[in-house]
Amino acid sequence: MASNQMDLNIHNSLMRKCSRLGGYCQIWQVIVSLGLLFVGVLWWFYIIGNTKGFEPLLPQANDRVERLDNKAKVQTQTFKTPEDLSAEEWDQIQRAVQWGGPDQEITTVNMCTSPDHTTFVINNVKDSYYVGEELHVTIVAKDFTGKPKRYGGDFFKVKVFSDNLKASVFGEVLDHQNGTYLARFTLPWVGEASVAVLLVHSSEAVQVLKRHRETDPDRGFYYGYFYGQNSQGAIVEEKAACNVKWEGVALPGEEPCCCEYPDLNAKLTWRCRKPPTLPCNTLVHHGMGTYYINHWTDLEKAIMNGQYVQRWIKGDSRVIKVLASISTIGQREKCKPGMPTPIPAGFYMNDVWTSFVCATRHFNTANDKTQCLKDKHIYMMGDSTLLQWYNFIINSVPSFRRMEMHSHSHNGPFLAVDLGNNIDLNYRTHGVPRRNPRAKFADMHYISNEIDGIAGGPHIVIVFNIWAHFKLFPHSYFAHRVSQIRRAVVDLLRREPATKVIIKTANTGFPDFGSVDWLSLQLDRILREVFRDVGVYILDVWQMTACHYDKENVHPGPVINQK
């Protein structure tokens with residue numbers, strides 16, 4: 001016991017000395033895609049560079065892909081309320097992620113929603129519509145025998161699109177909890193438009209995902225790599241399984257247990273099995289282990305069969321004719337923190353995204369982009385989807401120069417500078433858990449700690465995202481992580497209200513069973529709920545990636561026709 005405590009004290013001392021290492025640089029992943037990532041990121045910086053102060057974020061009543069009936073029962077988990085959230089806040093989070101499902105025991109695949117039998121129809125179709133009008137579509141879910149379903153919970157994505165115009169807009173789905181769904185669209189462009197409905201997962205498949213996320217404590221783990229001298233004086237490397245220390249998360253392996261690495265400021269603890277011979281304070285590297293251990297039954301495996309997942313369903317193929325109108329769509333006021341995200345948040349036309357959240361600007365020249373970023377100090381923290389943004393900005397502004405930081409190609413830290421225009425662009429990954437090839441553990445900083453170390457001010461821009469690496473963990477753990485970031489952001493805005501804080505929401509494009517979009521959507525809702533009353537900018541990437549014609553990919557490819 002005394003030896004363990006001494007090892008822990010030595011480790012804590014080392015970690016405190018390393019906790020504020022700076023610097024950032026290096027390339028990874030393709031240039032960002034979707035007109036969003038070429039034009040959106042830059043108008044975004046333009047906007048935040050020309051706003052002052054902050055306002056409370058308004059309740060986001062319409063930022064959900066599915067809205068359940070108010071009478072639907074709230075699905076609660078068995079985990080206790082995270083200590084940094086009130087019971088009321090935890091209850092609101094539970095309500096934000098509630099989801100309908102089967103009202104009977106599922107004993108055969110034939111009882112599940114069938115992508116071949118499910119259909120949709122345009123309601124009260126007219127000869128022509130006007131820009132700004134709503135289009136309503138009814139989706140009727142049917143099982144594999146062709147029988148209409150009597151309960152809800154299916155996960156659909158819907159859009160209106162035009163291949164000729166390279167135009168598309170995201171739609172909202174309302175679950176009636178009786179096997180029927182209403183899809184609502186705002187028609188934003190002049191010309192032709194068609195409806196598309198994607199069955200991502202049946203309600204039965206969603207329940208499989210939900211059940212195993214909540215009940216499988218060994219759903220995945222990571223490895224820690226230890227380096228040091230053994231008892232014979234030789235330098236050795238030893239590996240041990242690691243994971244977060246949290247209720248409902250198991251650490252695989254046998255005794256002895258464990259080496260713990262607490263962060264008192266973030267109220268988080270990382271732990272590893274003790275290596276065979278080395279002490280706990282020799283942990284040097286972090287790396288991926290087993291991401292998803294499958295405990296499905298044979299029936300659950302059949303329900304989750306790939307031929308039933310991510311399928312476009314057949315339905316009303318009539319082409320809608322949309323005429324010009326004098327009505328305006330969305331907000332035309334100057335962008336400011338705290339603005340709610342409507343559905344739709346915008347639309348694509350010729351691969352260019354036009355926002356309905358607020359008045360925005362598109363950038364056409366490198367000089368325009370440089371002037372937008374001039375005199376800004378930008379800190380980006382998150383996962384590989386945010387790293388794409390980092391690389392895109394550098395590649396689209398020729399005056400940036402990457403600094404060689406000799407850092408990990410996936411995680412950073414990275415740094416790029418434009419000395420002539422007084423711009424520096426920083427990136428680093430969020431802290432563990434993180435799936436990546438072997439990287440230095442000391443470089444895995446928690447976002448809340450990084451924000452605590454930034455003074456803030458009118459020239460400071462902070463961008464973060466967090467979701468992809470947390471899908472298989474209990475919601476209580478993710479809510480705790482996000483609430484710690486909220487605490488850090490609130491403190492920052494209190495001491496420097498002119499600081500710009502931007503949240504990038506989740507991407508779509510996770511088809512594999514361990515990373516499906518339904519799990520991503522749940523975390524995205526938690527993130528929005530936790531930051532509902534905080535004066536930040538929220539950039540809705542979910543809608544942007546879900547409605548584009550390009551194949552969905554968590555790391556989107558470059559836009560074919562960049563405008």
Side-chain angles (χ1 to χ4, degrees), residues 21-49 351-353 360-430 434 436 439 443 445 447 450 454 459-465 468 500-504 507 537 539 541 544-545 553-560 562-563:
L21 291 176
Y24 306 76
C25 191
Q26 211 162 355
I27 302 175
W28 184 71
Q29 278 297 346
V30 294
I31 298 174
V32 176
S33 134
L34 310 170
L36 153 74
L37 301 180
F38 186 78
V39 297
V41 174
L42 290 156
W43 63 249
W44 170 60
F45 279 120
Y46 169 79
I47 292 161
I48 61 177
D351 280 334
V352 175
W353 179 264
T360 62
R361 174 187 171 188
H362 296 141
F363 293 83
N364 298 313
T365 69
N367 184 63
D368 286 343
K369 302 165 190 175
T370 301
Q371 292 304 308
C372 166
L373 300 174
K374 188 173 182 177
D375 209 28
K376 295 292 189 301
H377 311 292
I378 305 158
Y379 299 87
M380 306 179 78
M381 295 166 271
D383 58 32
S384 58
T385 65
L386 193 61
L387 180 59
Q388 282 191 289
W389 285 23
Y390 173 85
N391 286 323
F392 164 74
I393 294 171
I394 295 173
N395 292 331
S396 65
V397 180
S399 54
F400 268 122
R401 294 292 180 267
R402 298 177 187 265
M403 305 300 293
E404 177 54 69
M405 305 300 294
H406 305 286
S407 52
H408 191 274
S409 61
H410 288 59
N411 294 353
F414 304 139
L415 170 66
V417 298
D418 179 345
L419 295 178
N421 292 289
N422 192 33
I423 308 169
D424 62 87
L425 183 64
N426 305 268
Y427 170 86
R428 78 179 314 133
T429 189
H430 57 63
R434 178 75 159 82
N436 54 255
D443 281 337
H445 295 189
I447 291 177
E450 286 294 298
I454 297 174
H459 300 290
I460 302 298
V461 179
I462 296 173
V463 189
F464 75 86
N465 79 320
K500 311 302 184 297
V501 179
I502 302 97
I503 299 175
K504 171 192 172 294
N507 291 17
Y537 299 86
L539 186 56
V541 183
M544 296 173 181
T545 52
N553 189 320
V554 69
H555 297 121
V559 178
I560 296 173
Q562 297 182 358
K563 296 295 184 180

Q: Could you walk me through whether Ile393 and Lys369 pass the side chain to side chain contact (heavy atoms under 4.5 Å, CB included) test, one step at a time?
A: CA-CA 9 Å; Ile393 294 171; Lys369 302 165 190 175; over 6 Å; no
Q) Rounded to the nearest 0.5 Å, what separation is found between the CD1 atom of Ile462 and the CD1 atom of Ile454? A) 4.0 Å
Q | CA sep, side-chain torsions, deciding dist, call: Leu539, Met544, side chain to side chain contact (heavy atoms under 4.5 Å, CB included) | A | CA-CA 10 Å; Leu539 186 56; Met544 296 173 181; 3.9 Å; yes
Q: Could you check His410 against Thr429 for side chain to side chain contact (heavy atoms under 4.5 Å, CB included), going step by step and ending with a plain yes or no?
A: CA-CA 8 Å; His410 288 59; Thr429 189; over 6 Å; no
Q.
Quick check: closest heavy atoms across Asp383 and Tyr427, and the distance to 0.1 Å?
A. O-OH, 3.0 Å
Q | Beyond-backbone contact of Arg428 with Ser407, side-chain heavy atoms, under 4.5 angstrom | A | no
Q | Test side chain to side chain contact (heavy atoms under 4.5 Å, CB included) applied to Asn422 - qualifying residues, sequence neighbours left out | A | Asp375, His377
Q: Decide yes or no for Trp389 and Met380: does some side-chain heavy atom of the first lie under 4.5 Å from some side-chain heavy atom of the second?
A: yes
**Q.** Any donor-acceptor N/O pair, His362 side chain to Trp353 backbone, under 3.5 Å
**A.** yes
Q.
How close do His406 and Glu404 get, counting heavy atoms only, and between which atoms?
A. N-OE2, 2.6 Å
Q | Partner set under ring-ring contact (aromatic ring centres under 6.0 Å, His included) for Phe464, not counting sequence neighbours | A | Phe531
Q: Could you list the residues that satisfy side chain to side chain donor-acceptor pair (under 3.5 Å) with Asn553, not counting sequence neighbours?
A: none
Q) For Asn507, which residues count as a side chain to side chain donor-acceptor pair (under 3.5 Å) partner, sequence neighbours excluded? A) Lys504
Q | 4.5 Å side-chain heavy-atom contact, Asn391 and Arg402 | A | yes
Q. Considering all heavy atoms of both residues, which atom of Met381 and which atom of Leu386 are nearest to each other, and what is their separation?
A. O-CD2, 3.2 Å
(Q) Do Asp443 and Pro413 have side chains that approach each other closer than 4.5 Å (heavy atoms only, starting at C-beta)? (A) yes
Q: Please examine the side chains of Thr385 and Val541, heavy atoms only from C-beta on, and report whether any two atoms are closer than 4.5 Å.
A: no
**Q.** All side chain to side chain donor-acceptor pair (under 3.5 Å) counterparts of Ser399, not counting sequence neighbours
**A.** Asp418
Q) Within a strict 4.5 Å, meaning less than it, do heavy atoms of the Leu373 and Asn421 side chains meet? A) no
Q.
What's the separation between atom OG in Ser396 and atom CG in Asp368, rounded to the nearest 0.5 Å?
A. 11.5 Å
Q: Might you point out which heavy atoms bring Ala416 and Tyr390 nearest each other, and give the distance in Å?
A: N-OH, 3.4 Å
Q) Between atom OH of Tyr379 and atom CG of Asp424, what is the distance when rounded to the nearest 0.5 Å? A) 5.5 Å
(Q) Using 0.5 Å steps for rounding, measure from the CD atom of Gln371 to the CD1 atom of Ile423. (A) 8.0 Å
Q. Which atom pair, heavy atoms only, marks the closest approach of Asn436 to Arg434?
A. OD1-CG, 2.9 Å
